Every structure is written in structure tokens, then in C-alpha cells.
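Only a predicted model underlies this, so the values are computations on that prediction, with no experimental measurement involved. Counting starts at 1 for both ligands and their atoms, following the listed order.
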Amino acid sequence: MTTPKERTPTALRSLLNDATAHATGFLEELPERRVAPTATREKLRKELGGPLPDSPRDPHRVVAELASVVEPGLMATAGGRFFGFVIGGSLPAALAADWLTSAWDQNAGLYVAAPAASVVEEVCGAWLIELFGLPQDASFGLVTGCQMANFTALAAARHSVLETVGWDVEADGLSGAPPVRIIVGEERHVTIDRALRFLGLGTANLRTVPVDDQGRMRAGALSAALAEASGPTIVCAQAGNVNTGAVDPLRAVCDAAREAGAWVHVDGAFGLWAAASPTLRHLVDGIERADSWATDAHKWLNVPYDSGLVFCAHPAAHRAAMGSHASYLVHSEGNERDELDWNPEASRRARGFSMYAAIRSLGQSGVADLVGRCCAHARHFAEALAREPGVEVLNDVVLNQVLVRFLDAGGDHDARTRAVVKAVQEDGTCWLGGTTWQGKAAMRISVSNWSTTTQDVDHSIAAILRAASSSL
Ligand SMILES: Cc1ncc(COP(=O)(O)O)c(C=O)c1O
């Protein structure tokens, strides 16, 4: 049991100062640190595990031990030389606000329980709608990540398309409901399928539309698919293919879907951020014509995990799908925002504070600079690597994603490419992953961190080329 002594302001300050020292020490070392962890799983299990503690331990000791044991097992995803998956770091203001969020410990479900959190979310939503150029009266929700943003948006879509044929899915479920046609691009993200599973819509009957060499849905093929039948229909489009960064032809997709009376959902986990950059906005031309959008703040806005966003052009459908009422949940009587009406959670972290701090610290021009800078780094990677003999860049580098293939004299390009990826990961200068793109093994580079410098990219290019020569 925590003793009263530990609850005194002095004891608490001393404990939090310790945590600050560990955190700042870690962050200060990041620019020079090996990216991949050094601790093995066995070591981590041995040092962290053991029997269930049967008695208290001094919090200072707990924090000190945790920091020293965990740090060698951390991947330096927060630093500027991590290029795996699509993972952003944490902007200083967002990180500091995240600490405050924990100290304040608000339960941001209802206005009455956490008024400041509710207002901050309201402000973030309005700012982001403007930043992305979405319809002014769109509703929004702050969720854990794009997986849940896709889920929330598709729940609103399910509500709306069934409502138009007189079916109340929230009351009556899906048994006996009119069938819902789901049209998806061949290259949709896996979280779309998972959201459809969660929603009882399943994945076996998806109507899949073919894509081009960059993974973009073919608009003509979508029109043909839409013409095959009528009835409740949802089209899942994408802004930012997880491999190539390519964006579906959104204006054509939205126009065709609108004509057919279908709902268009856009999964823009990172690609939606192109809308915030005047020089990249053309990539998502027409995006405002969709019905719902999903994105992440923990990717390109560089807000700490977990932080996703959903927007919906039809607030009534959004609220009908998510709203939750019970006698003890004291909803606001005015127009205050009760967050639980807009997302699938009940009790929840006040994740708006760090998002607010990120947007407030960058401003509109800072967001555009961040996005543009990452894309410039991606182009630098692509140009430098493509100059080397035996190295191919497989995609058009339109955003922050680069796919690289290493050719093998013996013809086994897949094996050599995978060997280079593994060697780079082991070297530790930077970290990036592998993928398979249209049947070919590829190295996948994603530049999503605010702190990445040109020097980080140059050191990483050198490390990749060293790994490539050693695999010859
Ligand atoms: C296009 C796309 N959609 C959805 C997701 C899932 O996002 P999250 O992991 O934040 O749930 C990702 C993640 O990379 C993505 O790239």
C-alpha cells in the first residue's frame, strides 16, 4: 500500500523528477542510439518476470528498475532513423501534453466528468476539419488508431445504407437484414477487413476492384462494379497505400459512388495528411466528396500513441452508430460534447490534449512543413538508392513511402532483398522493414518522424548500401 509519505508533494515531485530524468536521458541519446534493441527476449523476461510480487516496493526503485531493464529492449521508433511500418515519433509539445494527460487522469467520455477534455476535442475536431478541407459540419471522433477509425466510420456507413432501405441495424442487428454490398480496392489495408469482421459484415463476399501498378483502385472498374447491382452499398477507398503511398482516384471514386447512391469511406491513415499540404493536396483531390474518413495522429502528426481520428459527413448516422445511453451516464443537456457518442469506447484517455498541443505548436504551416519534409527525405532515399547499380525503386515516390529491390547476379532477387533488409536491421544505424509488392520482395522505407534530418537519411543510405555490398 502506498504510504501517506509517498503522497506528499515533495515525494511525488521527487518521483516524477526521476521519471523525467529517465525520459530525457533516453530522448537525448536517441539521435546517436542504435535503433534496434540490444536486449534479448530471454534477458527481458528474466529481469522483468519472476513470481507475483507479494509486498510493496519503493516507487523510486520500481521506476529506476523499470527504466534500466526496459531501455535496452526498446526499439528507437521515437527517433529520426526509424523507417519501419508507418510510425511517427512524438513532437515535444505533444509529448509534454501527454505527460500532463496522465497527471490530470481525466475520463474523457462525458462532458460532465471532464469538461476541459471535451472542449479540447471540440477544438481539435474543428481545426482538423479545416486543415483537411472536409465538410464544415462533419462530425468526428478521437479513437485509438486508424483501425478503430475505420471501424467507427464503417459502423456509421452500415447504419446509413441500411436506414435508407428501412432497416434499423442498431435495433435489429444483421439477421434478416437486406444484404450490404461492400466494394473494396484489391490493395485496401488489412484493417478494413478487420473492421468489416467486427461489424458482422464479413469478408467473404467483398466485391474487389482491381488496381493499377501503384495500388490505386481503377475508377472504370469501380463504375462497372457499382453497375452490377443496386441496394445498400459501401465503397472503401484509400488515401495512402501502405506500401507505395499511392492514393485512389478519389474524385472519380466519389462521383461514381454518389451516382450509384453508395457511401464512400476513405482510409487515409497517413495519406489524409497530404490534404494539409498545399503542394500535395492535389493527390487527394475530391476527398471532401466522401462520406467518411479515417486517419491517425500518431503517424504523421507525431502525437504519442494511441491517437486516431474519424470524420463523418453525416453526424446523425455517426451518432446513431456510436451513441450510448444509461441512467447513470449523465449526458449534457446543452450542446456540450459527450465524447462517448462519437467513438466506440466508454471510459477513455483524454487523448485530445496531446493532439491539441501538436497542432497548436506546429500551426497549419508547421503541419505542411512536417509532411513536406518527410516526403522530401523519401525522395532523397529513392534518388540516392536508385543511382546505385543493381538497386531498383519499385514505386513512384509520391508521398513518404519508398520500395526498394536489390538485384542478385544469380537471379534470386527476392532472397537478396530480404538479406539486405535483415542486414540493415542488424547493423542498427536505422531500421526498416520488408514487404512483398506485386509478387516481388522489397525493402520498405517510410519517413514519418518529425525529427528525421538529412544527415539521418544520409547515414541510413550509407548503411543500406553497406548491407547491400556485403550481400553480394
Ligand atoms: C492505410 C492504413 N490504414 C489503416 C492502418 C491502421 O492504423 P493503426 O495501426 O493506427 O490502427 C494503417 C497502418 O499503417 C494504414 O497504413
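Residue N150 has no nitrogen or oxygen atom sitting less than 3.5 Å from a nitrogen or oxygen atom of ligand 1, judged on distance alone. Checked against a 3.5 angstrom limit, the closest N/O atoms of C146 and ligand 1 fall inside it.
The protein atom (non-hydrogen) at minimum distance from atom 4 (C) of ligand 1 is T191 OG1, 3.1 Å. From the protein, the heavy atom lying nearest to atom 10 (O) of ligand 1 is D296 OD2, 2.6 Å. Looking at atom 11 (O) of ligand 1, its nearest protein heavy atom turns out to be Q147 N, 2.7 Å. In this structure, the protein non-hydrogen atom closest to atom 3 (N) of ligand 1 is D267 OD2, 2.7 Å. The nearest heavy-atom contact from the protein to atom 14 (O) of ligand 1 is K299 CE, 3.1 Å. The protein atom (non-hydrogen) at minimum distance from atom 16 (O) of ligand 1 is V242 CG2, 3.4 Å. For atom 5 (C) of ligand 1, the closest heavy atom belonging to the protein is H189 CE1, 3.3 Å.
Using a 4.0 Å cut-off between heavy atoms, F85 makes no contact with ligand 1 at all.
Using a 4.5 Å cut-off on side-chain heavy atoms (C-beta onward), Q401 and V447 make no contact. Residues D98 and R349 are in side-chain contact: their nearest non-hydrogen atoms beyond the backbone lie under 4.5 Å apart.
Between W127 and Y356, the two ring planes are parallel [angle under 30°; tilted spans 30° to 60°]. Ring pair W273/F132 is perpendicular by interplanar angle, where above 60° counts as perpendicular and below 30° as parallel.
A cation-pi arrangement is found for R337 relative to F140, the charged atom lying closer than 6.0 Å to the ring centre and inside a 45° cone about the ring normal.
Ligand 1 has no atom lying under 4.0 Å from any heavy atom of G308. Heavy-atom separations between M148 and ligand 1 are all 4.0 Å or longer.
The aromatic ring centroids of F85 and W431 lie less than 6.0 Å from each other.
Residue G240 has at least one heavy-atom neighbour below 4.0 Å for each of these atoms of ligand 1: 1 (C). Numbered from 1 in the order shown, with element, the atoms of ligand 1 that lie under 4.0 Å from a heavy atom of F270 read 16 (O).
The shortest non-hydrogen separation linking L432 to V421 is O-CG1, 3.9 Å.
A donor-acceptor contact shorter than 3.5 Å links the side chain of D267 to the backbone of A269.
Each of T436, T435, N395 was evaluated against N243; a single residue qualifies, T435, per the side-chain hydrogen bond (donor to acceptor under 3.5 Å, both in side chains) test.
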